[in-house]
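Please read all numbers here as calculations on a predicted model, not as lab measurements. The basis for the numbers below is simple: all heavy atoms, side chains too, and nothing from hydrogens, waters or symmetry mates.
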Amino acid sequence: MPPKLNDMDDTPIEITAHPDLSGINPAEWDACACPEAADGRAYDPFTTYRFLRALEDSQSVGPGSGWQPRYLTAAKDAQLIAVAPLYAKGHSQGEYIFDHNWAHAYENAGGRYYPKLQIAVPFTPATGRRFLTRPGFEAVGMSAIIQGAIQIAADNELSSLHATFCTEAEALAGEEMGLLRRTGQQFHWENDDYADFDAFLRSLSSRKRKNIRKERRQAQDFGGEIVSLTGDQIQPEHWDIFWRFYQDTGSRKWGTPYLSRQFFDQAHEYLRDEMLLVLAINNGQPIAGALNFIGCETLFGRYWGCTEHHPCLHFELCYYQAINFAIEHGLARVEAGAQGEHKLARGYLPTPVYSLHWFSDPGFRDAVAKYLRAERDAIDHEIEVLTSYGPFRKTDREEQQ
């Protein structure tokens, strides 16, 4: 039987774990996941029913993937008030907030770390809401999801529960509820109401400005053209070549690609209005490409690959074209994915990212809590130092060009 909780007015809240999305009404899920989309785009597409369904239908998650869906729903008076993309994990791959050392320590002490529970969007290091609540049910909905997930972990004698790339507000609220808060960092570009790309360049130091102009010239001299495609401009055949790009990058970074070929067909059918595909085309054939997803405020850079290597083409397609698109479409920021201090010189500054963690073993929890306090101090210092080395002008008196 699914657990039942009571909210402040003593109305029972029923928590259910679903092995797939087929038993959840899409409109009900999205009323919790992206209520803002009623007036336009979702904040991000990654927790929408259609994105998660594309992962599931393409078998990118499910049996054999190490990501077994256990989608959580919280219902009150027969209405969903909160949902969460919960997975039983058999490894720590595709998460980008790394806990491999925790797993080794747990197992060296005689415990079994896997399977664990993970509230996350698979293979997607992008910040967004993870405790997805219908408007008006934010506090009770998040509490119900956390209590339900912990109860499932306890009932099944699982080691831990993790919620990765949650918002700062969720991280602070989760900490108040007894979870451990972790801070990491990524590199994000922020739009300071720039009129165009040249206005962005004028905000940089002279040396960094010259370097970016040089890189863009080098990239655009590869012998072909660069095109940016969205919506119906993206054709089904584009995914055949992009799959080659993705496989090449995936095999070098992760060993095997996380997403299946079918995912891109599913995304084309249901998500192409929320995608920006930037291609470098030479002699009529794409030779490199970058895939982004479009939110209501943010452009999320996700995948890159190529079949020909040309100087600075990666920087142009992944970073500069993304900045240009964000400026032209009034987006507040570009999130360029995990890792990469090379992004700093290109206008992407270090930004904190957050996760929440719960452990069944009290002793292990205390050890991780101590580690996280020290790690947060180190991350805060690193962000401060890296920001000081950013490319932006330090004073208005610096030479402009």
Side-chain angles (χ1 to χ4, degrees), residues 60 96 123-126 186-189 197 200-201 211-265 267-268 271-272 274-294 299-329 331 334-348:
S60 299
Y96 301 95
F123 328 121
T124 307
Q186 287 183 338
F187 292 89
H188 298 172
W189 178 86
F197 196 93
F200 159 62
L201 287 180
N211 185 65
I212 289 177
R213 285 174 173 161
K214 178 181 178 181
E215 287 183 345
R216 298 202 77 184
R217 285 194 300 270
Q218 287 182 304
Q220 293 167 2
D221 284 344
F222 75 97
E225 62 173 338
I226 295 171
V227 298
S228 295
L229 308 174
T230 61
D232 290 339
Q233 296 172 323
I234 304 173
Q235 298 299 308
E237 55 267 24
H238 285 133
W239 300 116
D240 291 328
I241 184 62
F242 193 82
W243 173 245
R244 291 176 59 193
F245 300 156
Y246 175 71
Q247 280 187 303
D248 176 68
T249 301
S251 63
R252 286 185 286 106
K253 283 191 174 183
W254 317 304
T256 57
Y258 292 139
L259 299 173
S260 71
R261 172 64 182 85
Q262 291 73 27
F263 170 81
F264 295 96
D265 292 331
H268 180 83
L271 293 155
R272 65 181 179 273
E274 296 163 289
M275 294 192 293
L276 168 67
L277 182 61
V278 183
L279 296 174
I281 299 175
N282 198 6
N283 295 321
Q285 293 296 318
I287 55 94
L291 177 61
N292 308 264
F293 284 86
I294 308 167
L299 185 68
F300 299 91
R302 291 303 304 114
Y303 303 109
W304 142 270
C306 63
T307 54
E308 294 181 14
H309 293 276
H310 295 272
C312 300
L313 195 57
H314 171 258
F315 301 146
E316 176 67 25
L317 266 60
C318 293
Y319 307 140
Y320 303 141
Q321 289 290 326
I323 289 173
N324 197 60
F325 183 91
I327 292 172
E328 289 182 352
H329 292 82
L331 300 179
V334 179
E335 290 192 21
Q339 304 172 337
E341 291 187 5
H342 60 280
K343 298 169 187 172
L344 184 66
R346 292 156 185 95
Y348 292 73

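Atom CD of Glu274 is separated from atom OG1 of Thr230 by 11.5 Å, given to the nearest 0.5 angstrom. Atom-to-atom distance recorded for Tyr246:OH and Ser260:OG is 8.5 Å, nearest 0.5 angstrom. The distance from atom CZ of Arg302 to atom OG1 of Thr124, rounded to the nearest 0.5 Å, is 5.0 Å. Of the inter-residue distances, the one linking Leu259 atom CG with Phe264 atom CZ reads 5.0 Å to the nearest 0.5 angstrom. In this structure, CG in Leu331 is found 10.5 Å from CG in Asn292, a value given to the nearest 0.5 Å. Here Ile327 contributes atom CD1 and Phe200 contributes atom CZ; the two are 7.0 Å apart, rounded to the nearest 0.5 Å.
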Report task. For side chain to side chain contact (heavy atoms under 4.5 Å, CB included), just list the numbers for Ile287 and His310, CA-CA rounded to whole Å, side-chain angles, deciding distance to a tenth of an Å, and then say yes or no. Result -> CA-CA 10 Å; Ile287 55 94; His310 295 272; 3.9 Å; yes
Report task. Report the C-alpha distance between Arg261 and Asp265 in whole Å, list the side-chain angles of each, state the deciding distance to 0.1 Å, and finish with yes or no for salt bridge (Lys or Arg N to Asp or Glu O under 4.0 Å). Result -> CA-CA 7 Å; Arg261 172 64 182 85; Asp265 292 331; 3.0 Å; yes
Requested in this report: Could you please spell out the steps behind the side chain to side chain contact (heavy atoms under 4.5 Å, CB included) verdict for Leu291 and Phe245?
Outcome: CA-CA 10 Å; Leu291 177 61; Phe245 300 156; over 6 Å; no
Requested in this report: Given side chain to side chain contact (heavy atoms under 4.5 Å, CB included), test Ile226 with Tyr320 step by step and report yes or no.
Outcome: CA-CA 12 Å; Ile226 295 171; Tyr320 303 141; over 6 Å; no
Side chains of residues 218-225: which donor-acceptor pairs under 3.5 Å do they make with residues two or more places apart or in other chains?
from: Gln220; atom 1: NE2; to: Glu316; atom 2: OE2; distance (Å): 3.3

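In terms of heavy atoms, Gly340 sits closest to Phe187 at O-CD1, 3.4 Å. Between Asn211 and Arg346, the shortest heavy-atom contact is ND2-NH2, 4.5 Å. Taking each heavy atom of Leu279 and His238 in turn, the nearest pair found is CD1-CD2, 3.8 Å. Pairing each heavy atom of Leu313 with each of Ala288, the nearest pair is CD2-CB, 3.9 Å. What you find for Cys312 and Glu215 is that their closest heavy atoms are CB-O, 3.5 Å. Nearest heavy atom pair, residue Tyr348 against residue Ala322, reads OH-CB, 4.1 Å.
Residues passing the ring-ring contact (aromatic ring centres under 6.0 Å, His included) test with Phe263 are Phe51, sequence neighbours excluded.
Between Tyr319 and His342, the ring planes lie tilted relative to each other; the angle falls in the 30° to 60° range. Using cut-offs of 30° and 60° for the angle between ring planes, the Phe242 and Trp239 rings count as perpendicular.
The number of heavy-atom neighbours closer than 6.0 Å to CZ of Arg216, taken from other residues, nucleotides and ligands shown, is above 12.
Side-chain N/O atoms of Gln186 and Tyr96 include no donor and acceptor closer than 3.5 Å.
The stretch residues 277-287 participates, sequence neighbours left out, in no salt bridge (charged side-chain N to carboxylate O under 4.0 Å, His left out) pair at all.
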